[in-house]
Amino acid sequence: MDDLLFHNIDEPGLATIDTYEARGGYSELRRVLSDLTPDEVLTELQASAIRGRGGAGFPMGTKASFLPKGDMDKYLCCNADESEPGTFKDRELMQKNPHQLIEGMIISCFAAGINKAFIYIRGEYEQQADILDAAVNEAYIKGYLGENILGSGVNVSLVVHRGAGAYICGEETALLDSLEGKRGNPRLKPPFPANAGLFQGPTLINNVETLSNVSHIMRMGGAKYADLGTEKSTGTKLVSVSGCVQKPGNYEIELGVPSREIIYGLAGGPPAGRQIKAWFPGGSSAPVLTADELDLPYDFDSMAGAGSMLGSGAIIVIDDSISIVDVALRTAKFYKHESCGKCTPCREGTSWTVKMLQRVEDGLATPMDLDIIESVCDQIMGNCLCVLGDAMAMPVSSMVKKFRPEFEAHIESARAARMPLDEATLTDELDLKEMAAH
Amino acid sequence: MSEHQEAMRFEDAIPQLADVDVPAELKDWIEQRMAMYPDRKSAIIPCLMAAQKLHGWLSPEAVDQVAAVMRLTPARLVSVATFYDMFELEPSGRRTIYMCTNISCMLRGADAVMQELERAVGVTNGGVSDDGIFLRSFECLGACDIAPMASVDGQFVGPLTVDDAKQLVADIRAGGEVLPAKQLSKRPVAVTLWEGGGKVGAYDVSDSASGAA
Ligand SMILES: Cc1cc2nc3c(=O)[nH]c(=O)nc-3n(C[C@H](O)[C@H](O)[C@H](O)COP(=O)(O)O)c2cc1C
Ligand code: SF4
Ligand code: FES
């Protein structure tokens, strides 16, 4: 297949509107506005069966169809927060081909009757936000944005909004609060954003990659797009491969190719002489898989079937030179830092998991601590407002389950290395056990 | 409480424009930004960031300036700012290094690079050197393809070796471009090479290990 999103992505000047138009850019927007009704566009998006690329994998066309009809302010928020560790695909799309995203957004607005659009981009992506600002400006000048677009009577405004560093703002309702100028705490659902989202108005939220696909879906036709990939995971996917591979980077694949082909064929596999120990298939929130699972097809359902998830499409590879305890601790620390603190199981659970893993790391733990870690993780899952708590519990408990002998061996060797234990540490340890027992 | 009631009730806590000396360009910027949203409060985060850029950190003075133009209480602005990692509520440096120590960077040696940065800057994580370099470890910056990496005032550089860390700090001190050969904005995408089946990657690990650009 030809690549869609990454087609000649390094063409010089592609970030400018002239180059984008020279390769046919904005012709789908023109065609849509002059020849199609919003419902016809929605039908194509639904026929494409494209699933959201931001993590949850919900069908995009269906979500767009949830917005109520009628004459009121409606909002599109493009989620460009991209903070899931291991994920860097949206960065590439915005930096190299911003108009592909903007065109997709305008078409989506038309389909769902939306008049106000925002791109919420993480504050750390300063260069990408500058590029988007320039591109949005060009699109206004050309009349693709603003009032009465291309004489169609359609109005769409678009503002690039920069965040200021908080992973949780990628969660869609936290993103809305942040965009309203508040602390980024997730909201209770329902109401769902389709009914009461930004400024309490009907709101569609989609990831950068999802929206970047829209002009291609319209060009190909939904049914043709659905021929790509597998029956339930249609289309292509950008995969960010990082960690212990020889060629980390973003690769566009057809959904359903064997994972091995991505990790070894495209990313070159681990450095010579090393073996894959584990891999995160969908960002650091995804339960890890092992070397035995490398032949699984890379698509939403196969990853879910293996007890993990495709998530944001970020593969992080861990080879046999790395201690799994280090990986678990680093993962847990991240979610502890990013917990917004609203729910007790998430706030306390992430904090305790870090403490216990630190004890494992430092040789102060016993195998019983591993049981406690697993039980803490179990109690976080499903008991929080958003899934950030789960996002720590799932990968950490998967590591403890799948690599328990390595954790136990580490506990033994680190313990032996600190002998004899001094009294203060011992007392500390007893305190902790007692607290954990309550 | 309606917006109007709130404004009345806390009127006294909102600094008056007449009492606060707001630089003209900041005032214009904030006013334009507020006009971009259905509700001006949406502009809080971008406006605080603009003030921080101007003042180097969110000093009480910087917060008052935003508050006066936006007609909001400083308390509201600070309560928002404390939620976000990029706001500095303590005096900060004139140059900022965020060193990523999250998982993909850790897997490729970020901890050793961070240690070298601490040594070269002469501070520990979160510290500001006498000559104004602020160094802190950061979560995944969305550039794991160039891991281990850092952001220097928004410019992403990597993959970094321990030697690069020394050079990075030297470049900042010399006032020039920072590690020009390792800036992300100058790299091609790995996948271009995927087209046509030629599967060549972004870089070779052995390069980063040996310190070659
Ligand atoms: C803690 C958390 C962080 C998230 N971060 C992101 C993110 O950075 N980018 C993103 O597109 N979606 C993120 N999501 C998923 C969004 O909530 C939402 O499902 C998505 O933006 C919808 O777009 P899509 O349907 O196009 O995937 C996150 C979810 C959670 C729970
Ligand atoms: S699960 Fe964690 S991050 Fe999500 S709302 Fe609750 S405390 Fe906040
Ligand atoms: S882990 Fe360092 S940039 Fe992603």
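Here is the naming used below: chain letters follow the sequence lines, and residue numbers restart at 1 for every chain.
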Contact check, side chains of A:His337 and B:Asn102, non-hydrogen atoms, under 4.5 Å: no
Most contacts with chain B, counted as non-hydrogen pairs under 4.5 angstrom, among A:Lys89, A:Glu180, A:Glu82: A:Glu180
Approximate separation, where rounding is to 0.5 Å, of B:Met49 CE and A:Glu126 CD: 7.5 Å
Engaged part of A:Phe118 at the chain B interface, taking heavy atoms whose separation is under 4.5 Å: side chain
Side chain to side chain contact (heavy atoms under 4.5 Å, CB included) assessment of A:Lys182 paired with B:Ile44: CA-CA 8 Å; A:Lys182 302 177 185 151; B:Ile44 288 178; over 6 Å; no
Interface moiety of A:Val241 toward chain B, non-hydrogen atoms closer than 4.5 Å: neither
Reported OG-to-CD1 distance for the pair A:Ser242 and B:Ile103, which is rounded to 0.5 angstrom: 8.5 Å
Region of B:Ser151 in contact with chain A, defined by heavy-atom distances below 4.5 Å: neither
Interface residue of largest heavy-atom contact number with chain B, from A:Ala166, A:Gly243, A:Gly86, under 4.5 Å: A:Gly243
Non-hydrogen side-chain atoms of B:Ile146 and A:Phe88 separated by less than 4.5 Å: no
Gap separating the CG atom of B:Leu141 from the CD atom of A:Glu124, nearest 0.5 angstrom: 6.0 Å
Interatomic distance, A:Gln95 atom CD to B:Leu184 atom CG [nearest 0.5 angstrom]: 5.5 Å
Pick from A:Thr87, A:Asp90, A:Leu179 with the largest number of heavy-atom pairs that fall under 4.5 Å of chain B: A:Leu179
A:Cys169 and B:Tyr84, any side-chain heavy atoms less than 4.5 Å apart: yes
Side-chain heavy atoms of B:Met106 within contact of A:Thr331, under 4.5 Å: no
Donor-acceptor contact below 3.5 Å, side chain A:Arg162 vs main chain B:Pro46: no
CD-CZ distance between B:Glu139 and A:Arg330, expressed to the nearest 0.5 angstrom: 9.0 Å
Reported CZ-to-CG distance for the pair A:Phe199 and B:Asp39, which is rounded to 0.5 angstrom: 5.5 Å
Part of A:Asp326 within contact of chain B (heavy atom distance under 4.5 Å): both
Interface moiety of B:Arg33 toward chain A, non-hydrogen atoms closer than 4.5 Å: side chain
Greatest number of heavy atom pairs closer than 4.5 Å to chain A - which of B:Gly154, B:Gly142, B:Cys140: B:Gly142
